[in-house]
Amino acid sequence: MHIGIWISGSPSNLGSNEGLLRLFSFFLGPLLDEDVTVTCLTPKGGDIALMAWASELNLGENPNLDFKATDLEWDHPSELDIRAQMAIELGVDVWTVIRVDHVRPELVPAPWCAFFADFLLLDYPFLFPREVYYDLYNQTRDLAPQYDRLISFSNYVALAHGVKGLKLPAEKIKVVPHAPLDYLEYNAKFLEKELGYTPANFADLKRSDAADILRGWLGSSESMYLDAAMALQLRSYMANYPYEEVDFVFCSTMNRPHKNVSTLLNSVVDLVRNEYAPLKLILSAPVDTASVEPVGALIRKTRSHIDVLSINHTPNHIHACLYRLAAVTVHPSPFEGGFPFTFSESLSMGTPIILARGPAVNEFLTDEEIEAYCFEPSSSEDLQKRIKYVLANRDSYLAMQLKTLERQKRARNWTDVAREYLEVFQEAKDSFWRRPVDFETRLLLAKTGSQSGDIFLPTGEAGTYLEDLSAICERYMPKSFVGTFEVDLIFDSLPQTLNEVLVGRSCVWTEHDLQFYPDSHPVLLEPDADGSHRVKFRFIYPAVDEGAVKEVRIYWLGGAKARLRKVEWRAHNVPGQVLVASDRGLLPSLFSRAMKLCLPRPLQA
């Protein structure tokens, strides 16, 4: 199977240790082991960023992994058009995308899958400005049904957000839970490069060595965001801090309102100020204390600039060192689309973790484990008590959690996840080719390339036209198109007299005149070898600057009936290809919307 990964946005965000792109890094290797080909398609510069990212994952030399990019920046108005044309020409079996709202599937007529991690605003509408809420809601509501399959990571999201929230059919959403991740093994290559040896387990990675690696990176990194108010002081302070000697709480999450970082911050600051605990909080998210966002404002209000540090934009192996050095990890968010990655990441580096109660956590832990590992997310007091307990009983708490991790490892691994994804991709492919024929796009069913698809259509009725191409032409055809366009309609059967059945005429509007071209009348050829009948249309577009094609209609006349079997088309004498320069750049095929309906085998009406 050939899988395409459509990646949107700025290349500067690619390869970072954040978001759903991390998920791709976990399953891509096992997926390629399943004898599939993967092509990542990005805006300009994304291919270079992803090649570096793949190299870090030891996938840089894999012949089944390819990266392609357009020649335009991600925010150029024609970039999507050109990328869609490239995608059409690649001819992949299934396209997949990180988020539902990252692409309109109709751009590329192929099976589409999207990762549906969550639709957060259904649970937290008050966290979003009104205009953002409605824009995001309407966009997701409109786009989600266009995908052949959606992949969620928990039953809660599939049912509460997908089926109930967006009114999607339950069979469209497939739940594929995450597998636990051995974060030490995942980062072994880079840790070995830094250390000169390969740790067999987290105990083999000395805390002093992990601290040296972290300090070295902090002293040289230019990618980390530093609070402008204290940039110079913080860089020097953090680059020389004894992380292996002083306890700190680590929080690996993005700084968003629903992540509940403020509750964690209040807990740690209270322990430091009121109970004199020698403790710090280190966040993996950037923080700006001059802004109005809650975490930065709270640091400013409590004057905890040194008690709460942000070590952000870290490479994976630096992220792993932070886990190894932390006294305890806290995952404060009450909502995640799936079971948090932080659980297995932290434990595999030898650090216990405290989780906030929430739907996904409740779904994948036992009642006893929830009671032991989880805090009430609205209570900083509850979290504070649990932090104190873990710090006092760290070894026994870690041993208990490692048993849970072993149970999760026995249940599934990332090879299992990759194979389940493949099953969903195959379902998407099968579902795509079973789509019902849309009357609006019956005529133009062509594929790119020289091949044409076979499709059986319902019998044409007297007095109705088979297709009005004006909307399609206006949408996809550049205004300055010049040349010859041909369409062959191939029928299983036709009455002996063509004029009793079909009359066609192209109408070419210009700024100055309406012209009719004799060559546009249908020409009936001798029956093909298989007994089918071919009707040829030839549309000639003159050299005009504006308004080339306004309307093309093909009508059924009289009471005769026929069954359309196949459509073939050519532009500029090139089969199945329309590559025309215009003021919008290189456009997708004239018939990209209609090509969704092209089938690899006949479909009975």
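All values below were derived from every heavy atom in this structure, side-chain atoms included, with hydrogens, water molecules and symmetry-related copies excluded.
- Contact check on Lys174 versus Glu423 returns no salt bridge, with no Lys/Arg side-chain nitrogen under 4.0 Å from an Asp/Glu carboxylate oxygen.
- Closest non-hydrogen pair, Asn201 versus Leu184, comes out as C-CD2, 3.2 Å.
- The distance from the CZ atom of Arg215 to the CG atom of Leu218 is 9.5 Å, given to the nearest 0.5 Å.
- Exactly one of Phe248, Phe250, Tyr243 qualifies for a ring-ring contact (aromatic ring centres under 6.0 Å, His included) with Tyr323. That residue is Phe250.
- The aromatic rings of Phe27 and Phe115 lie tilted to each other, with the angle between the two planes from 30° to 60°.
- Aromatic pair His178/Phe364: ring centres not closer than 6.0 Å.
- No side-chain heavy atom of Asp148 sits less than 4.5 Å from a side-chain heavy atom of Val94.
- Side-chain atoms of His331 and Glu336 form a donor-acceptor pair, as typed in the model, at a separation below 3.5 Å.
- With respect to Asp382 and Lys385, no salt bridge is recorded, no charged nitrogen being found less than 4.0 Å from a carboxylate O.
- Here the two rings, on Phe116 and Tyr147, have centers that are 6.0 Å apart or farther.
- Judged by distance alone, the side chain of Ser154 and the main-chain N or O of Gly337 form a donor-acceptor pair under 3.5 Å.
- In this structure, Tyr237 and Tyr241 have tilted ring planes: the angle between them lies in the 30° to 60° band.
- Remark: the Thr263 side chain and the Asn260 side chain contain an N/O donor-acceptor pair separated by less than 3.5 Å.
- To the nearest 0.5 Å, atom OH of residue Tyr373 and atom OG1 of residue Thr366 are 7.0 Å apart.
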Side chain to side chain contact (heavy atoms under 4.5 Å, CB included) between Ile299 and His305, intermediate numbers included: CA-CA 6 Å; Ile299 292 174; His305 299 74; 4.2 Å; yes

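- At most 12 heavy atoms of other shown residues, nucleotides or ligands fall within 6.0 angstrom of atom CG in Asp35.
- A salt bridge is defined here as a Lys NZ or Arg NE, NH1 or NH2 lying under 4.0 Å from an Asp or Glu carboxylate O, and Lys172 with Glu427 fails to meet this definition.
- Centroid-to-centroid, the aromatic rings of Phe153 and Phe341 stay 6.0 Å apart or farther.
- Between Phe26 and Tyr186, the distance separating the two ring centers is shorter than 6.0 angstrom.
- There is a side-chain donor-acceptor pair under 3.5 Å between Thr198 and Glu192.
- The environment of Arg256 atom CZ is sparse: at most 12 non-hydrogen atoms of other residues, nucleotides or ligands sit within 6.0 angstrom.
- To the nearest 0.5 Å, the span separating CG on Leu325 from CD1 on Ile282 amounts to 8.0 Å.
- The pair Glu406-Lys403 does not count as a salt bridge, with every side-chain nitrogen at least 4.0 angstrom from each carboxylate oxygen.
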